[in-house]
Amino acid sequence: MAAGDRSEWWRGCVIYQIYPRSFQDTTGDGSGDLRGVTSRLAHVASLGVDAIWLSPFFKSPMADMGYDVSDYCDVDPMFGTLEDFDAMIAEAHRLGLKIIIDQVLSHSSDKHDWFVESRASRDNPKADWYVWADTKPDGGAPNNWLSVFGGPAWEWDSTRRQYYMHNFLASQPDLNLHNPEVQDALLETVRFWLQRGVDGFRLDTVNYYVHDLWLRSNPPLASSVAGTNNETNTYLYQEHLFDKTQPENLAFLRRFRALLDEYEDRAAVGEIGDEGRSLQTLAAYTSGGDKLHMCYTFDLLGPQFSAAHVRGCVEAFEAAVSDGWVCWAFSNHDVVRHVTRWTRPDGDPDVVARFSIMLLCCLRGSICLYEGEELGLEEAELAFEDLRDPVGIRFWPGVKGRDGCRTPMVWEAGADNAGFSTGKPWLPVPASHRARAVDVQNTDITSVLTFYRAALALRREHEALITGSIRFLEAEGDVLAFIREGGGERLLCVFNFAGVPANWPLPRDIGSLARLGGDAAVVDATELSLPALGCFLGRLD
């Protein structure tokens, strides 16, 4: 982050996502833990990031790798103890890093005490804490809602003799946030972690919190009606008008923000999964200064890799969101790593890695990196018998699941399991990842890791890249050109997405250019020449 005291630390910050189970194991059980995170925080700090997003570490049966919480106020023994968490917070703060933790408020585990009580009868104190519904006359589910993880979003419970709703696994029942008591209870769990010193929250599936009270069925997508939908998951055959993104969610987000505002310098980033409406939802959830500080969508987490796509996403955000803020990411724990998604069959993944981090550093918004991308890690190819992700296991082989981006970090090329664990890792360590280990790249001035540190340092040195405005310039072909302005300077950013060199004519009024990045680009009086997947960053005088 640029020098100076800015209370809005989250605006333009760089976040590094840690998937604790795959970061560092200190016990030899093959799974990463909080002590492991603490032991590797120096590496994270060396990148020049501002904050860490820690994926769930709460008590959980691990049906969905911790996104099925059975106790919101305790650490799962797999990851350690509350004392380990406190030690991690202390070390992060000593290193100048903020800690953002993952809050899963839309659903819990079916092993949570709340659900155990709720399913016991229809008249107990927590009977209405989850989304229950009677059958149709023929015994069928209440409506046509579908689960993201496949099949109906309703599970029959023989004790209550009702269906309960689950947007994800059947073991992840949806909480009923129409009930104020549920909201109160969830907010108290948030307060618990605020009191322990966390600096912010990443809100999982933030637009899934509230359902339609009348349980109206979703209409089909026009493409599925026409028989042109080729998705592997039937969830994408519906227009999700009633099972998520309901207007009542805004009131809860205001309550959430009011709680955060009781504490100094806290922030929240929401995950929005809202097919076709993500930017409109982002605008609603971040506007007005009384809900979320920022959100991210899946717009840049897919296979599309072109100047037109990036420009379209950014311009759509700028048009839709007048006073909100976005967090851009290219990879996370739920999608194929972007180096694999975007490298052409004859391409060099290291070139894609360097190009991508320069692009991400130049976009307007906060940015999020995913563990291992600073090493240029590619998606791992795993055998079916090695899978742990319920999505991959259920939809194999059409969908391979999310395990390929969740394999362990590689720290030492020559160590057992690349330094991740002394035991058998919960997911295999790909042999191809060893050559990209941290200890190898730390000593290589041409490595992806070295380039990441330089790119993040460049962003940190220029306020225009952190909070400045963005204005796109016309460009032919697969070239993206824009100006970032702020902090008393104007920066020209040009990216060639094509697999062949490209020339970009300099605007006549461009003025003089002082190169800041993109050494392979050639500038003359009239044009900028970029190699394939080349970029240029310069100061306009």
Is it true that the side chains of [X] and [Y] contain a donor and an acceptor less than 3.5 Å apart?
X	Y	answer
Y72	Q103	no
H93	D199	yes
N207	T281	no
S306	D478	no
W53	D102	yes
D444	T446	yes

Q | Interatomic spacing from OG in S60 to OH in Y67 - rounded to 0.5 Å | A | 11.0 Å
Q: I would like to know whether T245 and Y285 meet side-chain contact (heavy atoms from CB on, under 4.5 Å); could you show each step before the answer?
A: CA-CA 10 Å; T245 322; Y285 285 15; 4.1 Å; yes
**Q.** Residue among M409, M65, E371 satisfying side chain to side chain contact (heavy atoms under 4.5 Å, CB included) with S22
**A.** E371
Q. Would you call R35 and D84 a salt bridge, using N to O less than 4.0 angstrom?
A. yes
(Q) Assess whether a salt bridge exists between R484 and E489, defined as any Lys/Arg side-chain N lying under 4.0 Å from an Asp/Glu carboxylate O. (A) no
Q: Among W426, F420, W411, find the residue that satisfies the ring pair (Phe, Tyr, Trp, His ring centres under 6.0 Å) test when tested with F23.
A: W411
(Q) Under 6.0 Å between ring centres: does that hold for F536 and W504? (A) no
**Q.** Main-chain N/O of E8 paired with H293 side-chain donor or acceptor, under 3.5 Å
**A.** no
Q: Count the heavy atoms belonging to other residues, nucleotides or ligands that lie under 6.0 Å from CZ of R344, then report whether that count exceeds 12.
A: yes
Q) With sequence neighbours left out, what residues match D76 under side chain to side chain donor-acceptor pair (under 3.5 Å)? A) none
